[in-house]
Amino acid sequence: MRRILVVLVLVLTSGLFVTSAAQAGNWEETLLDPPPARIEPGVTYTFGYWILQHGSYPYLGGDLGPTALVATSKNGTKVTFAGTPARTRGHYFAEVVFPFAGDWTIGSDHEVLMTDPLVATVTVPGPVHVAPSEMKERAPYGWGDVHPSFPPAAPDAAGAAPGGVPAVVEPTTAPRVATKSQATVDEPGVSLPWPVVALAGLATVGFAVWLGRRYAGSNGKANR
């Protein structure tokens with residue numbers, strides 16, 4: 001609980017408590033495709049993964065830029081596996097090699113959305129354990145034949161995607177959205193209705209609690 005409160009204070013004081021509904025949605029959930037049955041040290045594996053804004057759909061705010069999976073060992077060693085975009089928006093592949101045996105935690109890395117620190121854990125040699133989702137409710141999205149493998153929700157899952165996002169069916173091979181240089185930016189000094197401000201605040205507080213749980217779970221797994 002103390003860790004969750006610390007994360008909440010950091011989030012609120014870092015400027016994430018904003019009055020823009022778009023900025024309030026700057027968080028994601030990373031989901032793995034079904035991983036290999038067993039991982040051995042020094043062996044190369046291909047991991048597929050999805051980065052979903054609000055745990056529900058590809059990033060809607062522009063180009064997400066370079067992404068990666070990051071593996072952290074129990075002793076603090078970090079290894080970054082750069083991702084390659086797949087044809088389907090929000091989907092990536094990474095070549096993954098664990099350099100030595102031990103317990104590892106897998107998280108995501110990129111520069112636009114707040115990253116997911118606990119995607120999975122793996123004991124090398126041994127299996128990959130995909131982390132239960134903290135999402136209780138996801139926003140609808142028109143996935144085609146290629147779609148994420150959504151993990152079961154944790155028993156205490158409380159995350160929910162903000163409303164107002166239409167279930168638009170898009171081709172899975174649609175061109176990537178506009179780059180950040182072409183993204184629409186709110187003009188400074190434009191006031192927003194108070195319901196939007198309230199929604200942004202609630203989304204931020206909810207995300208802070210979710211992030212605290214993810215970090216607490218990550219540290220708990222790594223310290224075993």
Distance (rounded to the nearest 0.5 Å) between E134 CD and D156 CG: 5.5 Å

Working to the nearest 0.5 angstrom, can you tell me the gap between H147 NE2 and T88 OG1? 10.5 Å

When rounded to the nearest 0.5 angstrom, what distance separates OH in Y141 from CZ in R89? 4.5 Å

Looking only at heavy atoms, which two atoms of A120 and V128 are closest? And how far apart? CB-CG1, 3.9 Å

Separation of T115 OG1 from E29 CD (nearest 0.5 Å): 13.0 Å

Would you indicate whether the side-chain heavy atoms of D33 and H91 approach each other to under 4.5 Å? yes

Tightest non-hydrogen contact, residues R38 and P125, listed as NH2-CB, 3.6 Å

Within a reach of under 6.0 Å around CD of E40, are more than 12 heavy atoms found that belong to other residues, nucleotides or ligands? yes

Can D116 and W27 be said to form a side chain to side chain donor-acceptor pair (under 3.5 Å), step by step? CA-CA 8 Å; D116 189 341; W27 56 274; over 6 Å; no

For the residue pair L31 and P151, what are the closest heavy atoms and their distance? CD2-CD, 3.6 Å

Is there a continuous path of hydrophobic side-chain contacts, each under 4.5 Å between heavy atoms, that joins V70 to V119? no

Any idea which heavy atoms bring F150 and G55 closest together, and the distance? CE2-O, 4.1 Å

Which class fits the ring pair F47 and Y45: parallel under 30°, tilted 30 to 60°, perpendicular over 60°? perpendicular

Could you state the interatomic distance from CG (L113) to OG1 (T67), rounded to the nearest 0.5 Å? 11.0 Å

Are V79 and V97 connected in the hydrophobic side-chain network, where two residues link if heavy atoms are under 4.5 Å apart? no

For the residue pair G83 and A94, what are the closest heavy atoms and their distance? CA-CB, 4.3 Å

Following the transitive rule for hydrophobic clusters with a side-chain heavy-atom cut-off under 4.5 Å over Ile, Leu, Val, Met, Phe, Trp and Tyr, establish whether I39 and F100 coincide in one cluster. yes

Among W143, F93, Y59, Y92, the one residue meeting ring pair (Phe, Tyr, Trp, His ring centres under 6.0 Å) with W50: W143

N/O donor-acceptor pair under 3.5 Å between R138 side chain and S56 backbone: no

Closest non-hydrogen atoms of S73 and W104, given as atom of the first, atom of the second and distance, are N-CE3, 3.4 Å

Okay, side chain of Q53, backbone of L60: is any donor-acceptor separation there less than 3.5 Å? yes

Quick one: NE2 on H110 to OG1 on T30, what's the gap to the nearest 0.5 Å? 5.5 Å

Determine, stepwise, if the pair D103 / T121 fulfils side chain to side chain contact (heavy atoms under 4.5 Å, CB included). CA-CA 7 Å; D103 295 328; T121 59; over 6 Å; no

